[in-house]
Novice: 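Would you mind keeping the following structure in view while I ask a few things?
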Amino acid sequence: QDAELVRTRDPQLLAQCDVVVDVGGEYDPERHRYDHHQRSFTESMRSLRPDKPWTTKLSSAGLVYCHFGSQILARLLEQPEDGPVVTAIYDKLYENFVEEIDAIDNGVPQAEGEPRYALSTTLSARVGHLNPRWNDPDQDTEVG
């Protein structure tokens, strides 16, 4: 929480940072380097966490989520990191939010036939989430 944020591509400055995300051309979680911009990078959620089904190439956001998402959710929810609540939320958050970021950042089309990932963060989807469901007894769109 007391971290200093530095926005740079300067290798000398990056070498002094404790954590580097989306720059530096290096993925090394032991050194907290989370960049996906190297030709050799092919990691997906499934390759790093074989218990997960998603094969979309990770972006730097996905790498950070993969490595820290469960820990952060567990702390926020005051639940065990490997418990069913954290696991369910982790999976749903990846499937319905982070995977889309990964795919778009890596130029993965949503579909060549059957869609590969869900688009849930478009403006239309966000507005739709504010509307009552078709079977809600209260259809007042002004209540929120």
Novice: Consider only side-chain heavy atoms of I, L, V, M, F, W and Y, link residues closer than 4.5 Å, and tell whether Met45 and Phe41 are in one cluster.
Specialist: yes
Novice: Who passes side chain to side chain contact (heavy atoms under 4.5 Å, CB included) against Arg75, sequence neighbours left out?
Specialist: Gln71
Novice: What closest approach, in Å, do Val86 and Ser70 show between heavy atoms, and which atom pair accounts for it?
Specialist: CG1-O, 3.7 Å
Novice: Please tabulate, one pair per line, all N/O donor-acceptor pairs under 3.5 Å involving side-chain atoms of residues 103-115, not counting sequence neighbours.
Specialist:
from: Asp105; atom 1: OD2; to: His36; atom 2: NE2; distance (Å): 3.1
from: Asn106; atom 1: OD1; to: His36; atom 2: ND1; distance (Å): 3.1
from: Asn106; atom 1: ND2; to: Lys57; atom 2: O; distance (Å): 3.0
from: Asn106; atom 1: ND2; to: Leu58; atom 2: O; distance (Å): 3.3
from: Asn106; atom 1: ND2; to: Asp102; atom 2: O; distance (Å): 3.0
from: Gln110; atom 1: NE2; to: Tyr117; atom 2: O; distance (Å): 2.8
from: Glu112; atom 1: OE2; to: Arg116; atom 2: NH2; distance (Å): 3.3

Novice: Do Leu77 and Ile89 come within less than 4.5 Å of each other through their side chains, counting heavy atoms only?
Specialist: yes
Novice: Atom OG1 in Thr55, atom CZ in Arg46: separation rounded to 0.5 Å?
Specialist: 8.5 Å
Novice: Mark yes or no for whether Arg33, through its side chain, and Arg31, through its backbone, hold a donor-acceptor pair below 3.5 Å.
Specialist: yes
Novice: In Å, rounded to the nearest 0.5 Å, how long is the span from NE2 of His37 to OG of Ser60?
Specialist: 6.0 Å
Novice: Check for me, please, whether Tyr27 and Val23 land in the same ILVMFWY cluster - side-chain distances under 4.5 Å, paths through other members count.
Specialist: no
Novice: Not counting sequence neighbours, list each pair that qualifies as a side-chain hydrogen bond (donor to acceptor under 3.5 Å, both in side chains) and has a residue in residues 81-90.
Specialist: Arg49-Tyr90
Novice: Do you know which two heavy atoms are closest between Ala74 and Pro80, and how far apart they sit?
Specialist: CB-C, 4.2 Å
Novice: Does Thr8 have any side chain to side chain contact (heavy atoms under 4.5 Å, CB included) partners at least two apart in sequence or in another chain, and if so, which?
Specialist: Val6, Asp10, Leu13, Leu14
Novice: Could you work out, with ring-ring contact (aromatic ring centres under 6.0 Å, His included) as the rule, every residue matching Phe68, not counting sequence neighbours?
Specialist: His32, Tyr34
Novice: Heavy atoms only: give me the nearest Ser59-Ile101 pair and the separation to one decimal.
Specialist: OG-CG2, 4.1 Å
Novice: Which residues pass the side chain to side chain contact (heavy atoms under 4.5 Å, CB included) test with Asn96, not counting sequence neighbours?
Specialist: Lys92, Ala118, Ser120
Novice: Within the distance-only criterion (no hydrogens, no angle test), does the side chain of Gln38 pair as donor or acceptor with the backbone N or O of Asp35 below 3.5 angstrom?
Specialist: yes
Novice: Do the ring planes of Trp54 and Tyr94 sit parallel (below 30°), tilted (30 to 60°) or perpendicular (above 60°)?
Specialist: tilted
Novice: Around Asp51, counting heavy atoms of other residues, nucleotides and ligands shown, do more than 12 lie under 6.0 Å from its CG?
Specialist: yes
Novice: Yes or no on side chain to side chain contact (heavy atoms under 4.5 Å, CB included) for Glu100 and Thr56, after CA distance, side-chain angles and deciding distance?
Specialist: CA-CA 9 Å; Glu100 179 182 334; Thr56 301; over 6 Å; no
